[in-house]
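Written out below as structure tokens is the structure these notes cover.
Position 1 is the first residue of the sequence; numbering continues from there. Side-chain atoms are counted along with the backbone in the values below, which use heavy atoms only and exclude waters and symmetry mates. Counting starts at 1 for both ligands and their atoms, following the listed order.
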Amino acid sequence: MRVFIAGATGAVGRRLVPLALRAGHQVTGMTRSEDKAGVLRAAGAVAVVADALDRAAVVAAVAKAAPEVVVHQLTALSSFTNLRWFDSELAATNLLRTQGTTNLVAAARAAGARRFVAQSFTGWPYARTGGPVKTEEDELDPDPPAKLRTTLDAIAYLERAVLAADGLEGVVLRYGWFYGPGTSLGAGGKYLELIRRRRFPIIGDGTGVWSFIHIDDVASATLSAIERGAAGVYNIVDDEPAPVAEWLPFLASAIGAPPPRHIPAWLGRTLIGEHGLAIMNEARGAANAKAKHELGWRPRYASWREGFRKGLAD
Ligand SMILES: NC(=O)c1ccc[n+]([C@@H]2O[C@H](COP(=O)([O-])OP(=O)(O)OC[C@H]3O[C@@H](n4cnc5c(N)ncnc54)[C@H](OP(=O)(O)O)[C@@H]3O)[C@@H](O)[C@H]2O)c1
């Protein structure tokens with residue numbers, strides 16, 4: 001198939017492009033940078049240089065590629081450093097989720113694409129009530145902490161725009177927290193370094209449930225969603241949602257770091273804000289049964305336990 005990947009040079013794109021090429025697809029990758037276009041070409045893809053916020057450029061780029069499937073992996077998270085400044089750190093990503101999505105959906109429709117596969121997130125958006133693990137049927141948080149509201153609205157906008165796009169099979173992939181090569185929880189990644197230096201503490205009781213996904217499993221699930229499965233929403237996570245108080249000490253031990261410090265909630269609130277506290281203590285995990293059943297997909301790392309031990313580096 002002809003596949004157009006916007007965000008072909010990011011954490012997902014770098015693993016997805018070679019996988020899609022090996023599966024025999026013709027891949028066009030989009031980037032803003034001539035240098036990275038060269039890297040895409042060297043990998044065997046067609047490269048196109050365009051800014052996702054420039055509608056005319058995106059429409060022209062997608063039209064030229066004439067893809068059957070368009071994949072939206074646009075984020076601007078490489079400079080993300082501090083949970084405390086969540087709103088401003090996420091502003092560029094949220095623009096890509098709103099305006100960027102609108103542009104790319106319009107471009108896909110104009111080019112006659114059949115299917116549109118987009119990156120969403122399952123890390124904290126589910127409602128912080130009810131059981132610890134959520135399915136795609138469960139509602140997103142109707143009352144998020146104030147500093148998460150704009151980002152949750154942008155995620156919901158992206159999902160609606162993709163699912164409602166006229167004439168396109170819209171597929172929304174709610175990825176769990178990434179780890180592995182090229183991510184901030186991979187060898188040399190900034191969060192792994194914080195954990196190594198005991199600067200990633202358990203704040204409060206650490207009762208928030210996180211669902212992880214190895215970056216190669218992100219790529220394989222995305223390839224499955226490019227190739228098959230009904231339109232709709234899929235959680236793309238491993239088999240073992242786990243509370244922060246469980247996975248964080250395990251990860252520290254797996255990389256030979258000392259155990260994480262504990263910080264009481266009242267103090268943590270001043271460090272990472274009410275929203276950070278909610279992510280650490282109230283987040284819900286996600287179930288992957290639908291993706292397994294409908295996409296015929298299995299994660300190579302069914303549990304972060306094995307993934308943290310064996311899958312952080314290439
Ligand atoms: N679920 C999760 O846990 C999750 C999800 C996403 C990201 N992350 C993490 O966030 C960090 C950064 O992510 P990342 O490595 O994927 O980098 P990123 O800086 O978020 O960029 C992702 C992709 O979006 C493209 N892009 C951004 N703005 C664009 C624009 N205006 N027009 C066209 N393309 C645009 C980039 O292309 P160019 O720069 O080449 O133009 C790149 O291909 C990583 O540590 C990653 O693991 C985590």
Side-chain angles (χ1 to χ4, degrees), residues 4-17 27-41 43 45 47-62 70-83 86 89-104 107 118-125 151 154-155 158 172-194 210-219 221-222 234-238 247 279 283 285-286 304 307 311-312:
F4 184 98
I5 304 178
T9 58
V12 180
R14 287 193 299 272
R15 314 301 274 197
L16 177 61
V17 168
V27 176
T28 300
M30 188 173 104
T31 171
R32 287 162 300 174
S33 131
E34 279 297 347
D35 285 353
K36 292 190 207 167
V39 176
L40 286 169
R41 288 188 193 109
V48 44
V49 175
D51 190 317
L53 301 177
D54 178 344
R55 181 153 174 157
V58 175
V59 168
V62 179
V70 172
V71 182
H72 176 350
Q73 295 291 345
L74 298 163
T75 54
L77 292 168
S78 36
S79 57
F80 187 100
T81 47
N82 196 332
L83 207 52
F86 199 83
E89 300 258 22
L90 265 290
T93 294
N94 289 339
L95 203 56
L96 291 166
R97 286 172 172 153
T98 51
Q99 204 181 316
T101 303
T102 301
N103 291 347
L104 201 55
Q119 169 175 168
S120 184
F121 186 49
T122 178
W124 51 260
T151 298
I155 289 171
L158 174 148
V172 166
L173 302 179
R174 289 183 183 157
Y175 299 138
W177 298 93
F178 293 170
Y179 70 94
T183 76
S184 47
L185 277 183
K190 60 188 161 196
Y191 291 116
L192 218 54
E193 287 313 304
L194 290 178
W210 289 35
S211 276
F212 286 97
I213 184 77
H214 188 276
I215 197 69
D216 283 336
D217 289 326
V218 171
T222 308
Y234 296 90
N235 292 333
I236 304 298
V237 294
D238 75 7
W247 67 257
I279 292 171
W304 47 268
L312 295 177

>> Ring-plane angle category for W210 and F212, please: parallel below 30°, perpendicular beyond 60°, tilted otherwise.
In response: tilted
> Under a 4.0 Å heavy-atom cut-off, which residues neighbour ligand 1?
Replying inline: G7, A8, T9, G10, A11, M30, T31, R32, K36, A50, D51, A52, Q73, L74, T75, A76, L77, S78, L96, Q119, F121, G176, W177, F178, T183, S184
> Applying side-chain hydrogen bond (donor to acceptor under 3.5 Å, both in side chains), which residue pairs with at least one partner in residues 89-98 are found, sequence neighbours left out?
Replying inline: T81-E89, N94-R97, N94-T151
>> Are V218 and R15 packed together at the side-chain level, in the sense that at least one heavy-atom pair is separated by less than 4.5 angstrom?
In response: no
Side-chain donor-acceptor pairs under 3.5 Å in residues 51-62, sequence neighbours left out?
residue, atom, partner, partner atom, Å
D51, OD1, L53, N, 2.8
D54, OD1, A56, N, 3.3
D54, OD1, A57, N, 3.2

> H214 side chain to G311 main-chain N or O, any donor-acceptor pair under 3.5 Å?
Replying inline: yes
Could you give the side-chain donor-acceptor pairs of residues 176-187 under 3.5 Å, partners two or more places apart or in another chain?
residue, atom, partner, partner atom, Å
T183, OG1, G180, N, 3.3
T183, OG1, G180, O, 2.8
T183, OG1, L185, N, 3.1
T183, OG1, G186, N, 3.4

